[in-house]
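On a predicted model such as this, the values are computed, not experimentally measured, just so you know. As a basis for the values below, the full set of heavy atoms in this structure was taken, side chains included, without hydrogen atoms, waters or symmetry mates.
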Amino acid sequence: MSSTEPPETRTAAAPLPSRARVVRVADGEELRSVALPGLTLTVRARPGNRPGLPPALYVHGLAGSSQNWSALMPLLADHVDGEAVDLPGFGDSPPPDDSNYSVTGHARAVIRLLDSGGRGPVHLIGNSLGGAIATRVAAVRPDLVRTLTLVSPALPELRAQRNAWPTALLALPGVSSLFSRLTRDWTPEQRVRGVMTLCYGDPGRVTDEGFQHAVEEMERRLELPYFWDAMARSSRGIVDAYTLGGQHGLWRQAERVLAPTLLVYGGRDQLVSFRMARKAAAAFRGSRLLTLPDAGHVAMMEYPETVAQAIRELIEDSGAGAGSGGADENSGDNSGDSGGS
């Protein structure tokens with residue numbers, strides 16, 4: 001992939017910690033490490049229910065990890081052979097050697113992963129920052145993408161929601177270290193509750209077990225010496241991507257996507273405005289739109305059954321040569337969905 005942003009100055013990667021805490025792996029999942037030029041990625045695999053299923057790749061958002069997909073992946077195991085990547089500096093993946101956390105840097109990591117494994121084209125599924133990354137991958141390497149699913153993608157907004165302002169502020173030099181000092185007395189439980197209040201339409205949908213798993217993961221991440229640096233630089237990468245114009249702009253790249261696309265937006269999303277749903281549906285040609293009025297920023301964790309059904313229909317219709325008749329908006333009927341994360 002050719003770079004769509006100026007190359008960044010190479011800096012030494014942060015020292016890696018001794019791994020005192022083990023990353024959680026759900027039943028049926030497998031973890032592996034993939035060494036690539038300049039970076040090492042951890043991949044969480046959920047093999048398909050039978051041989052020969054097409055591959056899928058899941059890409060998480062800012063401050064997330066491959067564990068964000070653990071509720072959705074088993075629901076699609078009858079249609080795809082799934083893998084979820086920990087982006088550089090997140091989850092169990094160490095920082096990249098060049099400290100490049102731009103949207104293009106993350107997209108380049110995804111492309112290198114797909115090229116190295118020969119898994120493309122894949123059903124590419126991204127949330128938030130992962131949605132912006134997936135959009136860029138689909139635009140510049142259409143040969144790697146069968147279908148594209150974007151859950152609350154972080155695409156540029158003229159008037160960002162107030163709850164998203166801290167992400168932009170985190171991108172400012174020195175703010176991340178200041179925030180780290182100001183919040184050093186916060187417990188992992190307090191941090192997790194804050195994140196869930198921000199990201200879920202209804203935090204009450206999270207089970208006690210799911211909450212405890214999130215706390216354990218938060219404790220593990222806070223021990224990583226590069227945690228705040230990865231957050232700050234990735235936040236800066238989002239802000240920078242929002243300012244790009246011309247052919248490198250994310251909305252312009254959305255218009256170039258050829259793959260059948262599913263867009264998922266939550267009515268209670270505090271980070272990506274629900275009003276952007278129609279603009280996205282117009283930008284991605286032949287796209288279909290699923291709106292979930294009660295969902296927040298992570299619909300695949302709040303309403304995995306509903307999202308999985310929409311993805312199955314996208315896969316089935318695209319395989320039959322359908323799915324190109326314009327945006328199809330459905331108001332999500334959330335009854336009968338199980339919560340959890």
Side-chain angles (χ1 to χ4, degrees), residues 1-4 23 25 28-60 65-70 72-98 100 102-127 129-150 253 256-262 311-312 314-321 323:
M1 168 186 167
S2 59
S3 174
T4 58
V23 174
V25 182
E29 295 180 347
E30 305 167 357
L31 283 187
R32 77 174 193 276
S33 182
V34 180
L36 299 168
L39 72 161
T40 300
L41 299 174
T42 295
V43 175
R44 181 179 303 265
R46 168 70 70 164
N49 292 343
R50 62 184 185 278
L53 290 176
L57 183 68
Y58 303 81
V59 187
H60 65 79
S65 76
S66 59
Q67 293 185 57
N68 292 166
W69 303 103
S70 289
L72 181 66
M73 287 199 292
L75 301 178
L76 291 173
D78 59 337
H79 274 60
V80 299
D81 185 60
E83 291 188 346
V85 61
D86 283 333
L87 292 170
F90 293 94
D92 203 36
S93 293
D97 289 353
D98 60 2
N100 185 342
S102 67
V103 171
T104 291
H106 284 312
R108 188 181 297 117
V110 169
I111 289 173
R112 287 176 179 171
L113 175 65
L114 293 175
D115 280 340
S116 70
R119 280 175 59 83
V122 300
H123 296 289
L124 188 59
I125 304 165
N127 168 236
L129 168 62
I133 294 166
T135 296
R136 185 150 291 178
V137 172
V140 302
R141 287 293 303 274
D143 58 303
L144 292 178
V145 182
R146 294 174 186 250
T147 66
L148 180 66
T149 297
L150 306 176
Q253 292 191 322
R256 291 167 49 192
V257 171
L258 301 177
T261 300
L262 168 66
I311 296 175
R312 281 194 292 267
L314 174 72
I315 292 173
E316 292 169 357
D317 291 348
S318 64

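The line from CG of N100 to OG1 of T104 is 8.0 Å long, rounded to the nearest 0.5 Å. Atom CG of D115 and atom CG of D143 lie 7.5 Å apart (nearest 0.5 Å). In this structure, CG on D92 lies 8.0 Å from OG on S33, to the nearest 0.5 angstrom.
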Under the criterion side-chain contact (heavy atoms from CB on, under 4.5 Å), I'd like the reasoning laid out for R312 against L76: C-alpha separation, chi angles, the key distance, then a yes or no.
CA-CA 7 Å; R312 281 194 292 267; L76 291 173; 3.6 Å; yes

Please lay out, stage by stage, how V110 and L144 fare under the test side-chain contact (heavy atoms from CB on, under 4.5 Å).
CA-CA 10 Å; V110 169; L144 292 178; over 6 Å; no

Mind running side-chain contact (heavy atoms from CB on, under 4.5 Å) on L150 and T135 for me, showing each step along the way?
CA-CA 8 Å; L150 306 176; T135 296; 3.5 Å; yes

Decide yes or no on side-chain contact (heavy atoms from CB on, under 4.5 Å) for S70 and R44, but give the supporting numbers first.
CA-CA 9 Å; S70 289; R44 181 179 303 265; 4.1 Å; yes

In sequence, state the C-alpha distance, the side-chain angles, and the governing distance for H60 and S65, and then conclude on side chain to side chain donor-acceptor pair (under 3.5 Å).
CA-CA 6 Å; H60 65 79; S65 76; over 6 Å; no

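Between E83 and R32 the shortest side-chain heavy-atom distance falls below 4.5 Å. Side-chain contact between V80 and I311 is absent, with no heavy-atom pair separated by less than 4.5 Å. You'll find the side chain of V23 stays beyond 4.5 Å of the side chain of T42, heavy atoms only. Taking the side chain as every heavy atom from C-beta outward, R141 and L114 never approach each other to under 4.5 Å. By the 4.5 Å heavy-atom criterion applied to side chains, R146 and P55 are counted as neighbours. Within the 4.5 Å cutoff, the side chain of H106 has no heavy atoms near those of the V59 side chain. The side-chain heavy atoms of M73 and Y58, taken from C-beta on, include a pair separated by under 4.5 Å. Using a 4.5 Å cut-off on side-chain heavy atoms (C-beta onward), H123 and P54 make contact.
Between W69 and A84, the shortest heavy-atom distance links the atoms CD1-CB, 3.9 Å. Of all heavy-atom pairs spanning L148 and A259, the tightest one is N-CB, 4.3 Å. Of all the heavy atoms in V34 and S116, the pair that sits closest is CG1-OG, 4.3 Å. The shortest heavy-atom contact between T40 and P94 is O-CD, 3.4 Å. Nearest approach of P142 to A139, heavy atoms of both residues: CD-O, 3.8 Å. The shortest heavy-atom contact between P260 and S318 is CG-CB, 3.8 Å.
The salt bridge (Lys or Arg N to Asp or Glu O under 4.0 Å) pairs that include a residue from residues 46-59 number zero, where partners must be two or more places apart or lie in different chains.
For the side-chain contact (heavy atoms from CB on, under 4.5 Å) with S93, the lone residue among L87, L39, L41 that qualifies is L41.
Taking a cutoff of 4.0 Å between a charged side-chain nitrogen and a carboxylate oxygen, R119 and D81 qualify as a salt bridge.
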